[in-house]
Participant: 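One structure follows; several queries about it will come next.
For the single chain, residues carry numbers from 1 onward in sequence order.
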Amino acid sequence: MTSRRSGLIVLFALPLLVFMSAEEGGHVSATMDFLGKLVNFLILFGGLAFFMRKPLKAMLAKRTADIGNSISDAEGARAA
């Protein structure tokens, strides 16, 4: 749990560190642009994964059970 918390702190502090460069105000390097997009990607999909993990897991478990029931019903109907 501690590593997850420190990972989240780093994830949210990274944009502050990325944009604190000593370069000219209007000039952004390709590396800084890429890092900014990477941070945005990680925050967006990391947040989605964090909030959607439990509902998605429950939905997939229910769907697996439904498919298993359908297969067993089909086998029973085929045998009858």
Side-chain angles (χ1 to χ4, degrees):
M1 185 69 173
T2 305
S3 64
R4 176 180 261 181
R5 185 175 296 158
S6 62
L8 286 174
I9 290 171
V10 169
L11 183 67
F12 288 119
L14 189 62
L16 298 175
L17 299 173
V18 168
F19 296 113
M20 291 176 49
S21 66
E23 296 180 16
E24 298 175 10
H27 177 67
V28 177
S29 70
T31 305
M32 296 302 282
D33 186 42
F34 173 74
L35 286 176
K37 289 179 182 179
L38 181 67
V39 167
N40 285 335
F41 176 82
L42 291 174
I43 290 172
L44 174 66
F45 288 103
L48 282 173
F50 180 75
F51 288 112
M52 296 300 294
R53 181 180 57 231
K54 288 182 182 178
L56 186 61
K57 188 176 181 180
M59 182 196 71
L60 290 175
K62 182 182 180 302
R63 181 72 178 145
T64 302
D66 290 344
I67 290 172
N69 290 338
S70 296
I71 290 172
S72 64
D73 290 345
E75 289 174 350
R78 183 178 296 161

Participant: Can you list everything that forms a side chain to side chain contact (heavy atoms under 4.5 Å, CB included) with Thr31? Sequence neighbours excluded, please.
Facilitator: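 With sequence neighbours excluded, Thr31 shows a side chain to side chain contact (heavy atoms under 4.5 Å, CB included) to Ser29, Leu35, given in chain and number order.
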
Participant: Scan the side chains in residues 73-80 for donor-acceptor partners under 3.5 Å anywhere in the protein, sequence neighbours excluded, and list what turns up.
Facilitator:
none

Participant: Could you pull out all residues at least two apart from Lys62 that satisfy side-chain hydrogen bond (donor to acceptor under 3.5 Å, both in side chains)?
Facilitator: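 Partners of Lys62 by the side-chain hydrogen bond (donor to acceptor under 3.5 Å, both in side chains) criterion, ordered by chain and then number, come out as Asp66.
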
Participant: Report, one line per pair, each donor and acceptor closer than 3.5 Å where one atom sits in a side chain of residues 51-60; sequence neighbours left out.
Facilitator:
none

Participant: Among residues at least two apart in sequence or on other chains, which ones pass side chain to side chain contact (heavy atoms under 4.5 Å, CB included) with Leu44?
Facilitator: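 Partners of Leu44 under the side chain to side chain contact (heavy atoms under 4.5 Å, CB included) test: Leu48.
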
Participant: Nearest 0.5 angstrom please: Asp33 CG to Leu38 CG, how far?
Facilitator: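 Result: 11.5 Å between the selected atoms.
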
Participant: With sequence neighbours excluded, tell me which residues meet ring-ring contact (aromatic ring centres under 6.0 Å, His included) with Phe45.
Facilitator: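 ring-ring contact (aromatic ring centres under 6.0 Å, His included) check on Phe45 returns Phe41.
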
